[in-house]
Amino acid sequence: MSLELPIYKEFIAMPSVVGHPQGNIEAIAFVIKFLEGLGFDIRITDIEKTEQPTIIAHYPGRLSDNKIVIYGHYDVAPVKELNSWVSEEAFTLENINGRLYGRGIADNKGPLMARMIALKSLILSDKAIPEILWLIQGEEEITQGDRVAHDIFKDEIPAFGAPVYIEETGFNDLDSNTQIAFLWSPDKSDSELIPWHSLLESSLDSPRIEYRHLNKLNGIKACPLLYNLPKNAVYMGFGPNDRLHFIHRDNESLNENKLLKHQQQFEKFLANYALYNDES
């Protein structure tokens, strides 16, 4: 299996940055069309308050009573120096020596696209699928002012009532080539989270599990997911990023093979979670 590069290129080419209404409109339409094609019910609220609204996507699940919330964002960081990229242009995805270069490929369009493709593959199978609330916001990279997404997450998360919350991405250790999986809870102790090891270990390649959340540029309060997690929530994060990804900087990139692996593992994770029983 190889990466479906044309669809990644199409998504990256949309300049969904703050202050670029058309780029955001294109990215929103792209995500909605893809997810609606998979059977998701889509809502967008508060469009009169922001040009970068949150996409609220719901999938009813199949052969499973488990619920899960997935977080992601379609907006990307501004490009500071157009002429400083090794690729032809920041919004033109290019493969150079096995790494994919383009604004948003690591944060967060690459992992988001991989997960959408993974879910498409899972839906085409006969496997069980959990009920999904996918919150895809467009204000992650806004560094000033209030985010409309905070109020949306505050309402949507408790109304859905899922026990597990999946972060936008995760990391790989370049030195050891080990996958790192985040496992955390606002209220549960590390020992209370141990029963969830089996789910991560059965879905990933012998991951190193770290009891923490993904570091956020502006802290927990700036992230609508972290800030609005229920006390007993189980938070997980895993993905294709590494310390060469250069998010928010020139030459943002991802290893092509790790992105493909994330696509495959995310499909496996959702299938495993659909049948998972929490006995803690």
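We're numbering straight along the sequence, starting at 1. Source: prediction; values computed, not measured.
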> What are the two closest heavy atoms between Ala90 and Val79, and how far apart are they?
CB-CG2, 3.7 Å
> Which atom pair, heavy atoms only, marks the closest approach of Asn66 to Ala274?
ND2-O, 3.4 Å
> Looking at Asp107 and His248, would you say the former's side chain and the latter's main chain have a donor-acceptor pair under 3.5 Å?
no
> Is there a side-chain contact (heavy atoms from CB on, under 4.5 Å) between Val17 and Glu141 once you walk through the steps?
CA-CA 8 Å; Val17 297; Glu141 306 301 350; over 6 Å; no
> Ile68 pairs by side chain to side chain contact (heavy atoms under 4.5 Å, CB included) with which of Leu133, Ile129, Ile166, Val234?
Ile166
> Hey, can you tell me if Tyr59 and Phe40 have their rings parallel, tilted or perpendicular (30° and 60° cut-offs)?
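Tyr59 vs Phe40 ring planes: tilted.
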> Indicate if Leu226 and Ile180 have the same hydrophobic cluster label, given that clusters are the connected sets of ILVMFWY residues with side-chain heavy-atom separations under 4.5 angstrom.
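In one cluster with Leu226: Ile180, yes.
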> With a 6.0 Å cut-off on ring centres, are Tyr71 and Phe153 close enough?
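They qualify: ring centres under 6.0 Å apart.
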> Check for me, please, whether Tyr101 and Val76 land in the same ILVMFWY cluster - side-chain distances under 4.5 Å, paths through other members count.
no
> Can you label the angle between the Phe266 ring and the Phe238 ring as parallel, tilted or perpendicular, going by 30° and 60°?
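Answer is tilted, since the angle falls between 30° and 60°.
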> Do Lys258 and Asp242 sit within salt-bridge range, that is, some charged N less than 4.0 Å from a carboxylate O?
no
> Got a salt bridge between Glu139 and Lys49, using NZ or NE/NH1/NH2 to carboxylate O under 4.0 Å?
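Between Lys49 and Glu139 there is no salt bridge, as every charged N stays at least 4.0 Å from the carboxylate O atoms.
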> With distance as the sole test, does Arg103 use its side chain to make a donor-acceptor pair with the main-chain N or O of Arg249 at under 3.5 Å?
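Yes.
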> Only one of Leu35, Ile7, Ile25 clears side chain to side chain contact (heavy atoms under 4.5 Å, CB included) with Phe30; which?
Ile7
> Thinking salt bridges, do Glu252 and Lys109 make one under a 4.0 Å N-O criterion?
no
> Is Leu5 atom CG crowded by more than 12 heavy atoms from other residues, nucleotides or ligands, each under 6.0 Å away?
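Check passes, neighbour count above 12.
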> Same hydrophobic cluster for Ile44 and Phe160, using side-chain heavy-atom links shorter than 4.5 Å among ILVMFWY?
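Each belongs to a different hydrophobic cluster.
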> State plainly whether one hydrophobic cluster holds both Leu270 and Leu225, where clusters connect Ile, Leu, Val, Met, Phe, Trp and Tyr through side-chain heavy atoms under 4.5 angstrom apart.
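No; tracing contacts between hydrophobic side chains, which count when under 4.5 Å, never links both residues.
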> Over 60° means perpendicular and under 30° means parallel, so tell me whether Phe182 and Phe171 are parallel, tilted or perpendicular.
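Answer is tilted, since the angle falls between 30° and 60°.
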> Taking Ser87 for the side chain and Glu94 for the main chain, is one N or O donor matched with an acceptor at less than 3.5 Å?
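Not confirmed, Ser87 side chain does not pair with Glu94 backbone.
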